[in-house]
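One structure below.
Atoms considered below: every heavy atom in the structure, side chains included; atoms not considered: hydrogens, waters and symmetry mates. Predicted model, so just to flag it, every value in this text is computed and none were measured.
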Amino acid sequence: MSTTLLTTDDGSATLHSEVFGETYHSRRGARTESEHVFLRNGLYAWLEKHPEYGSPCILEAGFGTGLNALLTLLAADQLGIEIEYTGYEAYPLDLQTAAGLDYPALLGASADDFMAMHRCAEGQAHRLAPFFLFEKRCARFELLDEAERYDVVYFDAFAPGTQPELWSPDALGRMFRALRPGGVWVSYCAKGEVRRTLQSVGFRAERLPGPPGKREMLRGWKE
């Protein structure tokens with residue numbers, strides 16, 4: 001997929017998709033958005049709610065640049081908890097584009113670990129760090145057919161106006177079925193239509209304060 005490299009307001013990079021006409025992350029801050037939406041209100045919220053569990057299984061719907069996965073790898077190491085991470089991406093980046101992203105240097109992370117996410121064979125689990133087991137699937141996540149496997153879903157698709165099929169009742173229903181009871185779905189999106197769809201497929205949906213540039217975001221719990 002043809003992309004253009006951009007620098008966002010917090011100094012971290014993102015990509016602009018020439019095909020979909022959207023950026024992979026917020027122009028107001030790629031790192032800031034990812035940490036706020038997916039780590040703080042996704043992974044950490046699940047850990048706080050389920051202190052009896054220590055090894056979450058995460059699904060990322062829209063692996064994209066790999067920023068969310070790299071932040072999660074660093075969190076696993078910092079917290080000393082095992083995390084199994086599966087990233088779905090229908091349009092994986094070429095290695096040259098991935099290598100041009102500044103995330104490892106920005107975060108003090110291993111460039112080898114970051115590139116391994118983009119380079120590794122799909123459909124196989126790879127231990128990229130002592131506490132981080134990673135699997136990549138080059139597939140359309142709206143066709144996901146799994147039941148009660150994951151604890152956290154990072155839903156990082158392009159916006160509903162760009163790819164409405166990814167936000168349909170069928171697609172979000174598949175996310176609900178893929179979560180274990182007590183699991184959490186989280187996204188930067190705050191559209192009322194998406195919130196109503198989440199509720200219609202079984203989630204307890206809630207609006208939360210969004211990252212810079214977004215007033216709100218959405219989170220759904222499978223209770």
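Taking the side chain as every heavy atom from C-beta outward, D170 and R174 approach each other to under 4.5 Å. Residues P211 and S26 form no side-chain contact, since every pair of their non-hydrogen atoms from C-beta on lies 4.5 Å or further apart. Proximity of L166 to F141: side-chain heavy atoms (C-beta onward) are separated by under 4.5 Å at one or more points.
Using a 3.5 Å distance cut-off with no hydrogens or angles, the side chains of H25 and T65 do pair a donor with an acceptor. The closest side-chain donor-acceptor pair between T72 and Y154 falls under 3.5 angstrom. Residues S110 and D112 have side chains that never bring a donor and an acceptor to within less than 3.5 angstrom of each other. A donor and an acceptor atom, one from each side chain of E18 and T4, are located under 3.5 Å apart.
From T14, atom OG1 reaches atom CG of D9 across 11.5 Å, with rounding to the nearest 0.5 Å. Rounding to the nearest 0.5 Å gives a distance of 11.0 Å between CG of L172 and CD of E142. Rounded to the nearest 0.5 angstrom, L59 CG and E84 CD are separated by 12.5 Å. Distance check: L73 CG to F114 CZ gives 11.5 Å after rounding to the nearest 0.5 Å. Rounding to the nearest 0.5 angstrom, the gap separating the CD atom in E216 from the OH atom in Y188 is 15.5 Å. Atom-to-atom distance recorded for T3:OG1 and L101:CG is 8.0 Å, nearest 0.5 angstrom.
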Any chance you could lay out the side chain to side chain contact (heavy atoms under 4.5 Å, CB included) test for V37 and N68, step after step, and finish with the verdict? CA-CA 10 Å; V37 174; N68 298 331; over 6 Å; no
Test H36 against M217 for side chain to side chain contact (heavy atoms under 4.5 Å, CB included), laying out the working first. CA-CA 10 Å; H36 178 86; M217 54 168 283; 3.8 Å; yes
Between D10 and S12, is a side chain to side chain donor-acceptor pair (under 3.5 Å) present by the stated rule, with each step listed? CA-CA 6 Å; D10 66 4; S12 58; 2.5 Å; yes
Apply side chain to side chain contact (heavy atoms under 4.5 Å, CB included) to the pair F131 and I81, showing each step before the final yes or no. CA-CA 6 Å; F131 296 103; I81 61 171; 5.8 Å; no
CA sep, side-chain torsions, deciding dist, call: F155, F38, ring-ring contact (aromatic ring centres under 6.0 Å, His included): CA-CA 8 Å; F155 201 82; F38 301 108; 9.5 Å; no
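A 6.0 Å sphere centred on CZ of R180 holds more than 12 heavy atoms belonging to other residues, nucleotides or ligands. The number of heavy atoms from other shown groups lying within 6.0 Å of CD (E165) is above 12. Shown here is E223, whose CD atom has more than 12 heavy atoms of other residues, nucleotides or ligands within 6.0 Å. Counting heavy-atom neighbours within 6.0 Å of E48 CD, excluding the residue itself, gives a total of 12 or less. Crowding of R215 atom CZ: a count of heavy atoms from other residues, nucleotides or ligands under 6.0 Å not exceeding 12.
Across all non-hydrogen atoms, the minimal contact from T8 to A13 is CG2-C, 4.4 Å. Contact detail for T23 and F158: the closest heavy-atom pair is O-CE2, 3.7 Å. Pairing each heavy atom of L218 with each of A190, the nearest pair is CG-CA, 3.7 Å. Closest approach of T197 and S200 over heavy atoms only: O-OG, 2.7 Å. Summarising the geometry of G192 relative to R207, their closest heavy-atom pair is CA-NH2, 4.1 Å, with the distance given to 0.1 Å. Closest approach of R31 and L71 over heavy atoms only: O-CD1, 4.5 Å.
Checking E60, E122, E146 one by one against R137, the salt bridge (charged side-chain N to carboxylate O under 4.0 Å, His left out) holds for a single residue, E146. When T86, V184, I58 are each tested for a side-chain contact (heavy atoms from CB on, under 4.5 Å) with Y150, only one passes: T86.
Classified by interplanar angle (parallel below 30°, tilted 30° to 60°, perpendicular above 60°), the ring pair F132/F134 is parallel. In this pair, F203 and W185 present their aromatic rings tilted. The plane angle is within the 30 to 60° band.
At least one test fails for K191 against the ring of W167: distance under 6.0 Å to the centre or angle within 45° of the axis.
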